[in-house]
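Shown next, in C-alpha cells, is the structure this report addresses.
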Amino acid sequence: MIYFDNAASTPLLQEIIDEIHSLLPEMFGNPSSIHDFGRRARVVIEDARSIIAGLLHVAPSEIIFTSGGTEADNTVLWGAVRKLNVQHIVTTRTEHPAVLNPLSAIAKEHRTEIIYLSVDRNGQPDLTQLEDVLKKKTKPVLVTLMHANNETGVLLPLKNVSELCSSSGAYFHSDMVQTFGKCNIDFSKIPVGFASASAHKFHGPKGVGFLYRDSKNALEPYILGGGQERQMRAGTENTVFIAAMAKALQLAYNRMEENLQYITQLKNVMAGKLSAIKGVFFNGDSDKGGLHTILNVAFPHTAQTEMLLYKLDMNGVAVSGGSACASGTVHQSHVLNELYGVTDNINIRFSFSKLNTIEEVNKVAGIIYEILQHEEIEK
Ligand code: PLP
C-alpha cells in the first residue's frame, strides 16, 4: 500500500505512538482535580501548551486546546460575531467547509454580512478587492483566509494580508490546518489574530487541535460547560493526545527545512512524471509552487482515466479525488469549481509526507502509466 493522502490525514510517527503508550495508563486523572493524579495531568497539559507556544513565539495563555481544526474555526467565527461584534466577514468561496458552513449559518442567524473575495485561476484571493473592502467598512471586520488550500495547496501571501488587516484594524483569522508543522510559522514575525490547527495533519492523533488567539482579541467559548481552558473551551481536556500533539509539532519544527526539501523533491518528481501524460495539467499551478505537500492533477476525461481514483485504490495507492468529505463520498470539488467552473476533468490530489519515498513516487507514476495504457504518454 502506498499512502499519498497526507492532506487528508497523516500516519502517527513511532515516537508519537510511544508517547501515547507511555502516558495513556498513567494520565487518567482529571486535569482539573486538585489531587496528585489531577495535578500530574495538569502539568502534562501545561507543558504541552508551553512547547507549542514556544514554537510559535506566542504566550502559552494564547493557545486554546480544541478537538481539532473544525472546532477551532467555529470558535473564532462564532466568537467574532458574538463577542467582537463583527458585522462583516471577508473570505473566499474556496475555504474549507469548516469555515464556509459556519459562515452560512452565521449569515442566517445574525445580520453579519459575508463578503466573498474573487479568486484568480490559481486560487489567489484578490487583495486589491480586500484592501478596498477594508477601506470602506466602518464597523468591525473579520478577515478569514486559509494559509494553504487543502485541495490545491495554493498559499496565501500571509504577510500582505496580515499587514492589510492590521493597518485597517480588521481582525485576521487564518485556517492554518494544512501548514502547521510544514511551514515555519512564527507569529512574532507575521502577526495573525487567530489561527486554527489540527494535530492529525502533522503526524499527531485525530480529534485534537488548537486555536491560537492573540491575547488582544477577546473571545468567548464556543462550547459551554465547565471552565476549562481558562474559561475558553469547556470539556475535560484530552491530556494524552494534547501531549502527543505538542511532541508531533516539536518534531516537525526540529526538521522543518530538511522535510521541506525532501517532500518538495517528491512532489517535483511526481509532477515531472505526470506532465508527460497528454492533456494533464496541474490545478492551481500546484506543480510550480504552493504548499510542498500537495500536487493536484487534472487528467483529461477518457475511458482510462474514468474511475482513476478507484483504479489506484485497487492497485494499493491511496489518493484523494475532488475532495473527500466526511461521508466518504467524492463529489465535484467546490474549490476547483470556483477556479475553473464545472469541467469533466478527473482531478486527483496527491499529498506527500516525510514518510513517503522516491521509490513510491516512481511506482505510482508507473501504475498510472499502466492504467492509462502507454499510448497516452507522449514521451
Ligand atoms: N481546515 C482545513 C484546511 C482542513 O484541511 C481540515 C481537515 O481536512 C480542517 C479544517 C478540519 O480539521 P479537523 O479534521 O481537525 O476538524
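What's counted below: heavy atoms across the whole structure, side chains too, no hydrogens, waters or symmetry copies. We count ligands from 1, going down the list as the structure has it; atoms in each ligand are counted the same way.
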query: Got the closest protein heavy atom to atom 8 (O) of ligand 1, with its distance?
result: Lys201 NZ, 2.6 Å
query: Given that the side chain starts at C-beta and the backbone is N, CA, C, O, which of these parts of Met146 lies under 4.0 Å from ligand 1, counting heavy atoms, or is it both or neither?
result: side chain
message: Could you check whether any side-chain heavy atom of Ile185 comes within less than 4.5 Å of a side-chain heavy atom of Met176, counting everything from C-beta outward?
response: yes
- line: Exactly one of Asp5, Asn296, Asn6 clears side-chain hydrogen bond (donor to acceptor under 3.5 Å, both in side chains) with Arg349, and that residue is Asp5
Those atoms of ligand 1 less than 4.0 Å from some heavy atom in Gly68: 15 (O)
query: Can you tell me if His35 uses its side chain to pair, donor with acceptor, with the backbone of Gly38 under 3.5 Å?
result: yes
field: Nearest-neighbour protein heavy atom for atom 13 (P) of ligand 1, which is reported as residue plus atom name and distance
entry: Gly69 N, 3.5 Å
field: Best match, His200, Glu151, His96: closest heavy atom to atom 4 (C) of ligand 1
entry: His96
task: Examine the side chains of Asp175 and His96 and answer whether a donor and an acceptor come within less than 3.5 Å of each other.
output: no
query: Mind checking whether Gln178 has an N or O less than 3.5 Å away from an N or O of ligand 1?
result: yes
message: Within ligand 1, which atoms have a heavy atom of Ser198 less than 4.0 Å away?
response: 13 (P), 15 (O)
- request: Would you please determine whether Glu71 falls within less than 4.0 Å of ligand 1 on a heavy-atom basis?
  value: no
field: Carboxylate-amine/guanidinium proximity below 4.0 Å for Lys216 and Glu62
entry: no
field: Atom indices of ligand 1, in the order listed, that fall short of 4.0 Å to a heavy atom of Asn150
entry: 3 (C), 5 (O)
field: Protein contact of atom 11 (C) of ligand 1 - nearest heavy atom, named by residue and atom, plus distance
entry: Thr70 OG1, 3.4 Å
message: For the residue pair Arg39 and Phe37, would you count it as a cation-pi contact if the rule is NZ or CZ under 6.0 angstrom from the ring centre and within 45 degrees of the ring axis?
response: no
query: Is Arg93 close enough and on-axis enough to Tyr116, meaning under 6.0 Å and within 45°, for cation-pi?
result: yes
task: Output yes when a side-chain donor or acceptor of Glu71 lies under 3.5 Å from a complementary backbone atom of Ser67, and no otherwise.
output: yes
- prompt: Can you find an N or O of Asp175 that's nearer than 3.5 Å to an N or O of ligand 1?
  reply: yes
